[in-house]
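Order of the sequence lines fixes the chain letters, A, B, ..., with proteins taken first and strands second; residue numbering starts at 1 for each chain.
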Number of protein chains: 2
Amino acid sequence: MVSTTSSSQSDLLLAIEDQGHRHTETRRLVAEAIEASPESFTAEEICAQLPAVGRATVYRTLKLFLSADVLCKVTLPDGAPRYAIDTGGRHHHHSICTSCGAVSEFRASTVERVLRALEREVEGEITGHRMEIYVRCGKCQSGAAN
Amino acid sequence: MVSTTSSSQSDLLLAIEDQGHRHTETRRLVAEAIEASPESFTAEEICAQLPAVGRATVYRTLKLFLSADVLCKVTLPDGAPRYAIDTGGRHHHHSICTSCGAVSEFRASTVERVLRALEREVEGEITGHRMEIYVRCGKCQSGAAN
DNA sequence: ATGTTTATCGATACAAGGTATCAAAACAGG
DNA sequence: CCTGTTTTGATACCTTGTATCGATAAACAT
Ligand SMILES: [Mn+2]
Ligand SMILES: [Mn+2]
Ligand SMILES: [Zn+2]
Ligand SMILES: [Zn+2]
């Protein structure tokens, strides 16, 4: 049996190493903080948890995770950004609980079908889109608080 | 025949007067600048066109127009906000040309149908949504420039 | 182990897009 | 014209980042 003692390498970290980026202590700390975060989080929350890590570095690292598709950035109704670990590989959208910040991914074939239908309706060639669904999640509906 | 000489009151202005806000010279200037803007514009562009009007006032006035539903705020793929005059009354979404900034409204029944379908798929009660389509518009496709 | 190269880091300044404060000015109605 | 209420501009401040840059740490090869 191959030892797996040191195998609990963060998925986040692995993803950017695969992109050719170096494995550094600072990045490990950021990845750990992210993985310990519930639901979703802000960049500043990570900064606050890691006072020894420079603010610019936190943002740089988040950006690396984003471009490796292991992290996603969502936008609340008021425009405030939040980050969440990205679990789905393929193209998808997000539903965000405006009460607790829980982010779920969904990949509705109907959505993509609508986009194709819109290709006739809107003038010009569609080059991209943005879509987010805001919800009050199950936990928040049952639980009194939040 | 009733005189219409002074009837060219800005629709923008009228809308916020209807909400009970005062008719001021500053607001008229902002409305004029908006109405003279092509396609879509940024808040800072208005500020630059009206150096005599305070920056805070420009933002305040944009906000008034937004809440009166005569202006809409869209988000480019990189997150940069732009404003455009809102012509449709009812709920709608926007397609934005990423090349020239032209904003068109669309109100696809299919989109709303998808949202209702998603109500079963996503956990929790849907409280809102956000959707934008990015295009390269007809003019930008034919015209060499842009 | 040690050097060498290059990526990464933290501190700092800066940027975009707004908002809070507050005294001064402009409205609107009588 | 008076007067109470809104609105305004200046200013400071806030949030979410990004550019710069000298110091540090990885990675790799001796
Ligand atoms: Mn995701
Ligand atoms: Mn609109
Ligand atoms: Zn919730
Ligand atoms: Zn265009």
Side-chain angles (χ1 to χ4, degrees), chain A residues 9-10 12-34 37 40-68 71-84 101, chain B residues 9-10 12-34 37 40-68 71-84 101:
Chain A
Q9 260 279 50
S10 156
L12 294 173
L13 225 41
L14 285 173
I16 62 172
E17 284 173 48
D18 284 354
Q19 315 259 301
H21 300 286
R22 287 185 183 173
H23 174 140
T24 72
E25 180 59 13
T26 301
R27 286 174 180 163
R28 197 184 56 71
L29 286 171
V30 174
E32 246 175 31
I34 290 175
S37 291
S40 63
F41 56 91
T42 65
E44 296 300 329
E45 280 164 12
I46 302 297
C47 291
Q49 277 173 58
L50 303 173
V53 175
R55 217 168 67 86
T57 300
V58 167
Y59 280 99
R60 281 189 285 239
T61 307
L62 290 177
K63 211 183 199 183
L64 281 178
F65 291 143
L66 285 176
S67 64
L71 189 69
C72 54
K73 186 179 177 179
V74 297
T75 307
L76 295 188
D78 68 357
R82 293 186 76 80
Y83 298 86
Chain B
Q9 260 278 48
S10 157
L12 294 174
L13 225 40
L14 285 174
I16 62 171
E17 285 174 48
D18 284 353
Q19 315 259 300
H21 300 287
R22 286 187 182 169
H23 173 142
T24 72
E25 180 59 14
T26 301
R27 286 175 180 162
R28 198 183 56 72
L29 287 171
V30 174
E32 246 175 31
I34 289 174
S37 291
S40 63
F41 56 91
T42 64
E44 296 300 329
E45 281 164 13
I46 302 296
C47 291
Q49 279 173 57
L50 303 173
V53 175
R55 207 165 140 285
T57 301
V58 167
Y59 279 101
R60 279 189 287 238
T61 307
L62 291 177
K63 212 182 198 184
L64 282 179
F65 291 143
L66 286 175
S67 65
L71 188 69
C72 55
K73 187 179 178 179
V74 298
T75 307
L76 295 188
D78 68 356
R82 292 187 77 79
Y83 297 86

Earlier contact from the 5' end, DNA chain C, for A/L64 and B/R22: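 Nearer the 5' end of the strand: A/L64.
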Of all the heavy-atom pairs spanning [X] and [Y], show the shortest one and how long it is.
{"X": "B/A43", "Y": "B/L62", "value": "CB-CD1, 3.6 Å"}
{"X": "A/F65", "Y": "A/R27", "value": "CZ-O, 4.5 Å"}
{"X": "B/A33", "Y": "B/L50", "value": "CB-CD1, 4.0 Å"}
{"X": "A/L12", "Y": "A/I34", "value": "CD1-CG2, 3.6 Å"}

Could you state the [atom1]-[atom2] distance from [X] to [N], rounded to the nearest angstrom?
{"X": "B/Y83", "N": "C/dA16", "atom1": "OH", "atom2": "P", "result": "15 Å"}
{"X": "B/D78", "N": "C/dA15", "atom1": "CG", "atom2": "P", "result": "18 Å"}
{"X": "A/E45", "N": "D/dT16", "atom1": "CD", "atom2": "C1'", "result": "13 Å"}
{"X": "B/R28", "N": "D/dT8", "atom1": "CZ", "atom2": "P", "result": "13 Å"}
{"X": "B/E17", "N": "C/dC27", "atom1": "CD", "atom2": "C1'", "result": "12 Å"}
{"X": "B/L62", "N": "C/dT19", "atom1": "CG", "atom2": "C1'", "result": "14 Å"}
{"X": "B/H21", "N": "C/dA28", "atom1": "NE2", "atom2": "P", "result": "13 Å"}
{"X": "A/K63", "N": "C/dT8", "atom1": "NZ", "atom2": "P", "result": "14 Å"}

Touch class at under 4.0 angstrom, heavy-atom based, for A/R60 against every strand present: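 Since a base atom lies under 4.0 Å of A/R60, the category is base.
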Residue-phosphate contact under 4.0 Å: B/T24 side-chain N/O, D/dT8 OP1/OP2: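 Checking B/T24 against D/dT8: at least one side-chain N or O falls below 4.0 Å of OP1 or OP2.
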Most 5' of A/T42 and A/A56 on DNA chain D, judged by nearest nucleotide: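 Its nucleotide being nearer the 5' end, the pick is A/T42.
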Given DNA chain D, 5'-ward residue of the pair B/R55 and B/H23, judged by closest heavy atom: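 Closest to the 5' end, via its nearest nucleotide, is B/H23.
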Proximal nucleotide (of D/dA26, C/dG18, C/dG10) relative to the A/T57 side chain: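 So the side chain of A/T57 is nearest to C/dG10.
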Closest to side chain of B/Y59, choosing from D/dG17, C/dC9, C/dT19: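 Among D/dG17, C/dC9, C/dT19, the one nearest the side chain of B/Y59 is C/dT19.
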Gap between atom CG of A/L64 and atom CD of A/E17 - 0.5 Å precision: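 The CD atom of A/E17 sits 11.5 Å away from the CG atom of A/L64.
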